[in-house]
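Letters A, B, ... are given to chains in the order of the sequence lines, protein chains preceding strands, and every chain is numbered from 1.
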There are 2 protein chains.
Amino acid sequence: MTAKTVLIVDDEASIREMIAVALEMADYRVLEADNAQTAHAMVVDDQPDLLLLDWMMPGTSGIELARRLKRDTATAELPIILLTAKSEEDNKIQGLEAGADDYITKPFSPRELVARLKAVLRRATPTGVEDTVEIDGLRLDPVSHRVSANGEALDVGPTEYRLLQFFMTHQERAYTRSQLLDQVWGGNVYVEERTVDVHIRRLRKALGDDHQHLIQTVRGTGYRFSTKE
Amino acid sequence: MTAKTVLIVDDEASIREMIAVALEMADYRVLEADNAQTAHAMVVDDQPDLLLLDWMMPGTSGIELARRLKRDTATAELPIILLTAKSEEDNKIQGLEAGADDYITKPFSPRELVARLKAVLRRATPTGVEDTVEIDGLRLDPVSHRVSANGEALDVGPTEYRLLQFFMTHQERAYTRSQLLDQVWGGNVYVEERTVDVHIRRLRKALGDDHQHLIQTVRGTGYRFSTKE
DNA sequence: CGCGATTGTCACGAAGCTGTCACATTAGCG
DNA sequence: CGCTAATGTGACAGCTTCGTGACAATCGCG
């Protein structure tokens, strides 16, 4: 999973700092801006995944920025959480009307912040619907997160599961170790290429004698999933 | 009674907006999607109580989505109201055949929409009584709010009860801790994910040796309720 | 207010998973 | 047939995830 980027907009550096530390501990990438003008530019340039926006700021207020961003189709999808100093219920309504996805009143615990932020991001990025794949009696069901061979459950580790899922949805095509690392491990990990071999072996072992022929070695290149030959 | 959640699916933001405002005034929770793909994912993840579906959309059409949802047992119960631009009677027939519960032609007044929607929901949840579920000798009765195993009463705390109820009505599907927090604890609470683990353990303990195998750990992902294996 | 039940969090240990290495085996080639 | 590069395989240390008991805070109720 790639780290999400959060843009913090607040005119008080100390507050930004506090939030930034909390977010970095929770493995988010953090950007900062101290006014609406800069913030707008950064939203466009850096495309953060979420905006933490202070309500009260000199010049263009936070809510004004929120409204502007929601109006522009290019940025309308960006989830926004508004921060505000006091529990002013009136503002809350205005804030939500402006298109904010959540609303946190200061003071708040870093933990609460992170939790709310997770919730908003979770809702913003709906997980795609994946269909069950069945090939040659081998079945992978993403909904129940299970693998079975001719009805019998197979014990497959997390990485082997992802590897198999990738293969089953990309049959009949040879992949290099490097491509597999990109697709299955995720782009920016650094792992030895030979590691792929080890997981291929673990997967073959898990598949058992009946199905390991599906994972084929393409000498000098990599591996392929295929029912043929 | 908790607010009902309505998922609006339409590719035009202005229409969604109009409907959303009307529904929020009538105290419904509103979710939105602008294409069938996202909508499908949200139905699965967020489990809305009703689907407001536009007939014409780019890509997979609304009616196609309706058909798919009605075919899948997990989502077959979800009431669907189809929206359509003109009073095309042919479509109406097709729509009802696809499993839609009602059918509204644009333009419509917000009041009409809310009224129809209420009617459909009323029909869908008969007197608000949920059925008792019994699986593998384990029985959960929402009326008496009790759990029993092979006739013998089990001592289950409130949270464990809700957790079990959710699981028993959503078998064979792996859920992340995050999803469980959304579904069982409610969307906007902030709780540590590991808390789920603790309640899972309490539930397992309460179920006793005979039934705790029903709650399965999906390593690296979350948990699943299943009778198999 | 006082009491038991419930809840969320933590710390710790167990269990499982991961990446890497060293060495065995194999395929391909002249 | 012998050589070399590529791949298979078993072992293992380090790390992550999960289960579990304890505990303090809070809730519900008399």
Side-chain angles (χ1 to χ4, degrees), chain A residues 1 22 25-27 109-112 114-116 118-119 145 147 153-165 174-182 184-186 188-209 212-225 229, chain B residues 145-147 153-165 174-178 180-182 184-186 188-209 212-224:
Chain A
M1 199 187 306
M25 294 218 327
D27 274 332
S109 74
R111 187 180 297 170
E112 180 187 0
V114 172
R116 296 249 211 145
K118 262 190 201 158
H145 211 270
V147 180
L154 297 184
D155 189 23
V156 176
T159 304
E160 283 71 61
Y161 178 90
R162 274 180 284 126
L163 190 55
L164 180 60
Q165 184 174 37
Y175 290 93
T176 65
R177 293 170 175 73
S178 178
Q179 289 174 317
L180 289 172
L181 284 176
D182 269 5
V184 178
W185 273 252
N188 34 16
V189 280
Y190 161 67
V191 198
E192 290 293 320
E193 294 208 337
R194 290 298 315 273
T195 298
V196 173
D197 298 27
V198 178
H199 282 276
I200 288 281
R201 175 180 150 271
R202 286 170 182 161
L203 179 55
R204 280 173 171 159
K205 200 170 180 181
L207 293 185
D209 293 339
Q212 55 179 341
H213 65 276
L214 293 170
I215 313 261
Q216 300 166 357
T217 303
V218 184
R219 187 157 258 261
T221 304
Y223 298 93
R224 171 182 57 209
F225 184 98
E229 185 239 3
Chain B
H145 216 265
R146 281 194 166 147
V147 181
L154 296 184
D155 187 24
V156 176
T159 304
E160 284 72 46
Y161 178 88
R162 273 180 286 125
L163 189 55
L164 181 60
Q165 182 175 39
Y175 290 94
T176 64
R177 293 170 175 73
S178 185
L180 290 172
L181 285 176
D182 265 6
V184 177
W185 273 253
N188 34 18
V189 279
Y190 108 79
V191 187
E192 289 292 319
E193 294 206 338
R194 290 297 314 272
T195 298
V196 174
D197 297 29
V198 178
H199 283 275
I200 288 281
R201 176 179 151 273
R202 286 170 182 160
L203 179 54
R204 278 174 171 158
K205 201 171 180 182
L207 292 184
D209 292 339
Q212 55 178 345
H213 66 276
L214 293 171
I215 313 261
Q216 301 167 358
T217 303
V218 184
R219 189 156 256 265
T221 302
Y223 298 94
R224 169 181 59 208

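Side-chain contact check for B:His199 versus B:Leu203: every heavy-atom pair is 4.5 Å or farther apart. Annotation: side chain of B:Leu163 is not in contact with side chain of B:Ile215 (no heavy-atom distance under 4.5 Å). When side chains are defined from C-beta on, B:Val156 does not count as touching B:Gln165, because their heavy atoms never get closer than 4.5 Å.
Shown here for B:Thr221 and B:Arg177, the closest heavy-atom pair between the two residues is O-NH1, 3.7 Å. Across every non-hydrogen atom of B:Gln216 and B:Arg204, the tightest pair is C-NH2, 3.8 Å. In terms of heavy atoms, A:Ala174 sits closest to A:Gln179 at O-OE1, 4.1 Å. Looking at every heavy atom in both residues, B:Leu180 comes nearest to B:Tyr223 through CD1-CD1, 4.4 Å. Listed here is the closest heavy atom pair of A:Arg224 and A:Val218: CB-CG2, 3.8 Å. In plain terms, the two heavy atoms of A:Arg162 and A:Val184 that are nearest each other are NH1-O, 2.7 Å.
Distance A:Glu192 CD to D:dT7 C1': 15 Å, rounded to the nearest Å. Per the geometry, CG belonging to A:Leu203 stands 13 Å off P belonging to D:dT9, to the nearest Å. Look at CZ on A:Arg202: it is 11 Å from P on D:dG10, rounded to the nearest Å. When rounded to the nearest whole Å, the span between CD of A:Glu193 and P of D:dA5 equals 17 Å. A straight line from NZ of B:Lys205 to C1' of D:dG19 spans 12 Å, rounded to a whole angstrom.
Nucleic acid contact class of A:Glu160 (heavy atoms, under 4.0 Å, all strands): sugar-phosphate only. The residue A:Tyr223 sits close only to the backbone: its heavy atoms come under 4.0 Å of sugar-phosphate atoms, none of a base. At a threshold of 4.0 angstrom between heavy atoms, the contacts of B:Val196 with the nucleic acid are absent.
With D:dG19, D:dC18, D:dT7 as the choices, the nucleotide that has an atom nearest any side-chain atom of B:Arg177 turns out to be D:dC18.
Side-chain contact of A:Tyr190 with A:Glu192: a donor-acceptor pair under 3.5 Å is present, judged by distance alone.
B:Thr217 has a side-chain polar atom (N or O) that falls below the 4.0 Å cut-off from OP1 or OP2 of D:dG19. Considering only side-chain N and O atoms, A:Arg219 lies nowhere under 4.0 angstrom from the phosphate OP1 or OP2 of D:dT7.
Residue A:Thr221 is the one, among A:Arg201 and A:Thr221, whose nearest nucleotide of DNA chain D lies closer to the 5' end (criterion: closest heavy atom). Comparing B:Ile200 and A:Gly222 by the nucleotide of DNA chain D that holds the closest heavy atom to each, the one mapping nearer the 5' end is A:Gly222. With the nearest nucleotide of DNA chain C identified for both A:Val198 and B:Arg162, B:Arg162 has the one nearer the 5' end.
Across its full length, the helix from C:dC1-D:dG30 to C:dG30-D:dC1 shows an angle of 40° between the axes of its 5 terminal pairs at either end, rounded to 10 degrees.
With hydrogens and angles ignored, a donor-acceptor pair closer than 3.5 Å exists between the side chain of B:Arg194 and the base of D:dG19.
Boundaries of the chain B contact region on DNA chain C are C:dT6 to C:dC17, first to last in 5' to 3' order (nucleotide atom under 4.0 Å from a heavy atom).
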